[in-house]
Amino acid sequence: MINIQKYADVEPDFFKGRAFGESNEVVTSVLEEVQKRGDAALRLYGQKFDVAVPAQFEVPQEELQAAAEKLRIEKRDVYDAIVYSHDLALRFAKLQKKSFKDFEEELEPGLFTGQKTIPVDTAGCYVPAGRFPLVSTVIMTVTPAVAAGVPNVIMCTPPRVHPDDKVKAGKSGSGIPGKAFVGGKPYADEGIMAAAYICGVNHLYAVGGSQAIGAMAYGTESVPKVDVIVGPGNKFVASAKKAVYGVVGIDMIAGPTEVMIIADKSANPEWVAADLLAQAEHDVVAQPILVTDDMDFASKVSEAIENQLETLTTKAVARQSIDTYGKIIIVDKLEEAIEIANKKAPEHLELAMEEGSLRNKIEKAVHNYGSLFIGHYSAEVLGDYAAGLNHTLPTSGAAHYTGGLSVRNFLKTVTTLRAEKGKPGTLKSTAAAGYLGDSEGLAGHARAARIRGEK
């Protein structure tokens, strides 16, 4: 059952970030081998960790298109939902890109400084495909890269046995990691392939785990080296992303998911319970949190959680998350929730409150969160799937210093300088640069400035 306690009794560790992506000897070994041996290492670790090791790693575009067409025919509702979600995400990402303005301004007469925002050449998206293949993650990682104007967007996702190889695979015992079917056609989860085609992935590779991160970071004979790697994954993927940061850019180190709901008595306890359970079913270490000033409401939410758990197909996972990490915090006044939210910096923050001055006050005062969901109908799950927002968000307190995945992860802001001969601004700048070069003992710097300072 979810833990209910007063704010004064909340332990200090509750506000500490939960470590994820720590150093891992296995990951270090995998990355070293991928860097040295390329595709051979991908095959080696594919046999060890995956259910299939295809003869070639790239899944042909025809397979992606066929998967999309199959989905359109057999599961039209899902197909239409992917198309709709992608459309919203693309429109929102393009709006974000508009905020990155290029300019050139004359700071001093003859001294022009400027800024250009340009996309990276190649983006790498990682999409997990374990217990729940994350079709929505295809949308959330690929779409902002496309909106940013990245010319080459690739994806890595764990392999599956191709339908044409299933008979042969069955004879070899494939389907169990460590007993991979080797040498078949490249293939991946059909939903992920369909979404990749819909969203505009240029190349998809059936490679999973930390070896996929290494392949995108260093490049192999099959997988190109990328400039930026984005997307979630297990602790091995997170460790690998952390290890290759600097060789490539990354979005963030994704830790256990979390939601914090600030609710007043106008909230529906059944809805709040459903939102907490939606987060809890992600993982046994997910953290669902409710902050309220009403003990009676807290009890109703707790009861609703227990009732809804009984019919939840993901009960085992959600139960462990609720019992171990779930928490209802009782405050004397809802204004105290501002302090709790800003200290915790949750990945998702919901304001399940009626519209009015108090909600407006809290909305303006909270500033540490990945995404903010305002009002009773703004369920966090809409942000996960189909509201335009990106669901790849900072966790474990990272919202103190960063936001979620967006077009900015695929754009780089570069600066320009244009100095005109003999103009006052140019002369002042060269003189100042000369003096500063002298002060630092860098005579070459001073000379390079002063030889341009003559009229």
Side-chain angles (χ1 to χ4, degrees), residues 26-27 29-31 33-35 37-71 74 124-135 137-138 141-142 154-197 201-224 226 229 231-240:
V26 173
V27 169
S29 175
V30 169
L31 294 178
E33 287 298 304
V34 170
Q35 190 173 12
R37 300 177 59 191
D39 281 359
L42 300 186
R43 293 189 173 92
L44 171 68
Y45 291 110
Q47 291 183 56
K48 188 173 183 179
F49 300 129
D50 290 328
V51 300
V53 183
Q56 288 82 39
F57 293 109
E58 182 171 3
V59 179
Q61 280 288 321
E62 304 83 67
E63 292 278 15
L64 307 186
Q65 184 176 6
E69 182 63 14
K70 181 180 178 182
L71 187 68
E74 296 182 359
C125 303
Y126 185 77
V127 178
R131 190 164 54 101
F132 300 117
L134 300 179
V135 173
T137 297
V138 178
T141 55
V142 173
I154 76 164
M155 178 186 294
C156 282
T157 191
R160 294 284 188 267
V161 178
H162 194 283
D164 291 349
D165 295 319
K166 281 194 181 291
V167 174
K168 292 179 287 184
K171 291 179 180 178
S172 69
S174 181
I176 305 171
K179 295 184 179 180
F181 174 68
V182 179
K185 296 179 181 179
Y187 207 64
D189 175 81
E190 287 188 342
I192 287 175
M193 291 196 300
Y197 182 79
V201 169
N202 299 109
H203 303 278
L204 186 148
Y205 300 92
V207 182
S210 56
Q211 62 267 34
I213 303 302
M216 290 189 285
Y218 304 119
T220 73
E221 298 91 328
S222 298
V223 183
V226 304
I229 297 175
N234 61 20
K235 63 181 181 180
F236 299 104
V237 169
S239 294

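Nothing fancy with the numbering, it's 1 onward along the sequence.
Here the rule is side-chain contact (heavy atoms from CB on, under 4.5 Å) with I154, and of V142, V223, V201 only V223 fits it.
Side chains of T157 and D189 form no contact here, defined as non-hydrogen atoms less than 4.5 Å apart. Looking at P128 and P232, their side chains come closer than 4.5 Å, going by heavy atoms from C-beta outward. Here the side chains of T220 and Y205 are not in contact, with every heavy-atom distance at 4.5 Å or above. The shortest side-chain heavy-atom distance between V30 and E33 does not fall under the 4.5 Å cut-off. In this structure, the side chains of K185 and D165 come closer than 4.5 Å at one or more pairs of heavy atoms. Taking 4.5 Å as the limit, every side-chain heavy atom of P158 sits out of range of all side-chain heavy atoms of P133. Residues L42 and D39 have side chains in contact (heavy-atom distance under 4.5 Å, counting atoms from C-beta outward).
Looking at every heavy atom in both residues, A196 comes nearest to L204 through CB-CD1, 3.7 Å. When all heavy atoms of G46 and Q211 are compared, the pair lying nearest together is N-NE2, 4.0 Å. Taking every heavy atom of both residues into account, L31 and Y218 meet most closely at O-CE1, 3.8 Å. When all heavy atoms are compared, the tightest approach of Q56 to P186 is O-CB, 3.1 Å. For the pair A195 and V135, the tightest heavy-atom approach, listed with the atom from each and the gap, is CB-CG1, 3.8 Å. The heavy-atom pair separating I229 from A217 by the smallest distance is CD1-N, 3.9 Å.
Heavy atoms from other residues, nucleotides or ligands lying under 6.0 Å from CD of E221 number more than 12. Applying the 6.0 Å contact sphere to OH of Y187 captures more than 12 heavy atoms from other residues, nucleotides or ligands.
Here the side chain of R43 pairs a donor or acceptor atom with the backbone of A55 at under 3.5 angstrom. Using modelled atom types, no side-chain atom of Y126 and backbone atom of G208 make a donor-acceptor pair closer than 3.5 Å. D50 places no side-chain N or O within 3.5 Å of a backbone atom of A180 that could act as its donor or acceptor partner. In this structure, the side chain of R37 does not engage the main chain of L44 through any donor-acceptor pair within 3.5 Å.
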Just do the side chain to side chain contact (heavy atoms under 4.5 Å, CB included) check on L71 and Y197 with the steps written out, would you?
CA-CA 11 Å; L71 187 68; Y197 182 79; over 6 Å; no

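To the nearest 0.5 Å, atoms CD (E69) and CD (E74) are separated by 10.0 Å. Expressed to the nearest 0.5 Å, how far OH of Y45 lies from OG of S210 amounts to 8.0 Å.
Identified under the salt bridge (charged side-chain N to carboxylate O under 4.0 Å, His left out) test for residues 203-213, with sequence neighbours left out: none. Every pair tested for salt bridge (charged side-chain N to carboxylate O under 4.0 Å, His left out) that includes a residue from residues 55-67 fails, sequence neighbours excluded, so the list is empty.
Residues forming a side chain to side chain contact (heavy atoms under 4.5 Å, CB included) with A206 (at least two apart in sequence, or on another chain): P54, V59, P159.
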